Structure formats: structure tokens, C-alpha cells
Amino acid sequence: MENNEFRVGQAVKSKAGRDKGSIFFVIRVVDENYVMVADGDMRRIDNPKLKKIKHIVKLSTFSDELAKRLSSGEKINNAFLRRELEKLGLRS
């Protein structure tokens, strides 16, 4: 079995569902089978998508800034998620 240790701030790519091929950030790890993901555009921070871990693939990219802000309880907005994806080269 593959390593399924997802962390908040991890960039992931959907490999199943309507959003197949879309890039998201892990916003919350629910349990060993599910994570909440958002990208600030199609999936907004106030309504993240619950995804099965088997339906996403981990990318090598990680947002330390996002992880830091979420762990400290700071409010983040959709524009911040979109900027982080652009800054990491995951969105044009």
C-alpha cells in the first residue's frame, strides 16, 4: 500500500470524480481515509470538498505558509489559496 500520510498544506491532485485533474490543498485531515480539500476557486475555503484519500495523489509541493496559518487559527481566504497555488507554480 502507498504512503497515505497527508498533512495540512499538502498540494494534491484529484484522480477521480467530477474534479479529476484539479489541484487542491489539504485543508484538514479528517481520518485515515478522508481529507478536506479546497483551491479557493472551484472549491472555496468555506465549503471544502471531502475527498477519499484513494481518489487523490500527493504532489511534491507543500505550502508551509498555509499550514502555519491554519495551525495557528488564522483566518485565510480564497484569494490566499489561489495566490499560494500560483506562487508554487500549480496554477497560471
Side-chain angles (χ1 to χ4, degrees):
M1 202 71 186
E2 61 195 68
N3 181 5
N4 288 332
E5 291 182 23
F6 287 87
R7 300 182 333 196
V8 171
Q10 178 72 53
V12 296
K13 185 175 187 175
S14 173
K15 61 181 183 179
R18 268 184 219 163
D19 54 13
K20 184 176 180 177
S22 298
I23 307 288
F24 299 101
F25 280 122
V26 173
I27 301 301
R28 187 164 70 94
V29 177
V30 178
D31 59 27
E32 66 274 356
N33 296 313
Y34 292 95
V35 293
M36 302 291 276
V37 297
D39 65 356
D41 186 22
M42 190 168 77
R43 272 295 166 178
R44 313 203 39 97
I45 191 70
D46 52 338
N47 187 25
K49 170 101 173 133
L50 181 68
K51 288 291 278 186
K52 279 190 174 183
I53 285 175
K54 69 180 185 178
H55 293 160
I56 56 178
V57 62
K58 207 186 309 189
L59 300 177
S60 60
T61 312
F62 185 83
S63 172
D64 292 318
E65 183 66 23
L66 175 61
K68 186 179 81 171
R69 286 188 183 197
L70 285 173
S71 68
S72 69
E74 256 185 83
K75 267 300 237 184
I76 60 169
N77 58 24
N78 294 307
F80 173 77
L81 288 178
R82 291 189 301 267
R83 272 195 312 272
E84 280 295 295
L85 284 170
E86 285 175 25
K87 188 167 60 172
L88 296 171
L90 301 172
R91 169 178 282 166
S92 53

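Along the sequence shown, residues are numbered consecutively beginning with 1. The structure presented is a predicted model; accordingly, all values stated were derived computationally and were not measured.
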Approximate separation, where rounding is to 0.5 Å, of Tyr34 OH and Asp31 CG: 7.5 Å
Closest non-hydrogen atoms of Val29 and Val26, given as atom of the first, atom of the second and distance, are CG2-CG1, 4.2 Å
Whether the side chain of Asn78 engages the backbone of Ile45 through a donor-acceptor N/O pair (distance < 3.5 Å, no angle test) should be reported. yes
Of all heavy-atom pairs between Phe24 and Ser14, which one has the smallest distance, and what is that distance? CE1-CB, 4.1 Å
Return the NZ to NZ distance between Lys20 and Lys13, rounded to the nearest 0.5 Å. 10.0 Å
For Leu50 against Met36, the heavy-atom pair lying closest together: CD1-SD, 3.5 Å
Closest non-hydrogen contact found for Ser63 with Phe25 is CB-CE2, 3.8 Å
Would a 4.5 Å heavy-atom cut-off, applied to side chains only, mark Ser22 and Met42 as touching? yes
With sequence neighbours left out, which residue pairs that include part of residues 36-52 fulfil the salt bridge (charged side-chain N to carboxylate O under 4.0 Å, His left out) condition? Asp19-Lys51, Asp39-Arg91
With Lys68, which residues qualify under salt bridge (Lys or Arg N to Asp or Glu O under 4.0 Å), at least two apart? Glu65
Output yes when a side-chain donor or acceptor of Arg82 lies under 3.5 Å from a complementary backbone atom of Gly40, and no otherwise. yes
Spatial distance of atom CG (Leu66) from atom CZ (Arg7) [nearest 0.5 Å]: 11.5 Å
So how far is it from Leu70 CG to Lys75 NZ, rounded to the nearest 0.5 Å? 10.5 Å
Only one of Leu59, Ile23, Thr61 passes side-chain contact (heavy atoms from CB on, under 4.5 Å) with Leu88, and that residue is Thr61
Between Ile53 and Glu32, is the side-chain contact (heavy atoms from CB on, under 4.5 Å) condition met? List the steps. CA-CA 8 Å; Ile53 285 175; Glu32 66 274 356; 5.7 Å; no
Hydrophobic cluster membership, Leu90 vs Phe80, 4.5 Å side-chain cutoff: yes
Val35 versus Val12: any side-chain heavy-atom pair under 4.5 Å? no
side-chain hydrogen bond (donor to acceptor under 3.5 Å, both in side chains) partners for Lys87, two or more places apart: Glu84
With rounding to the nearest 0.5 angstrom, report the OG to CD distance, Ser60 to Gln10. 8.0 Å
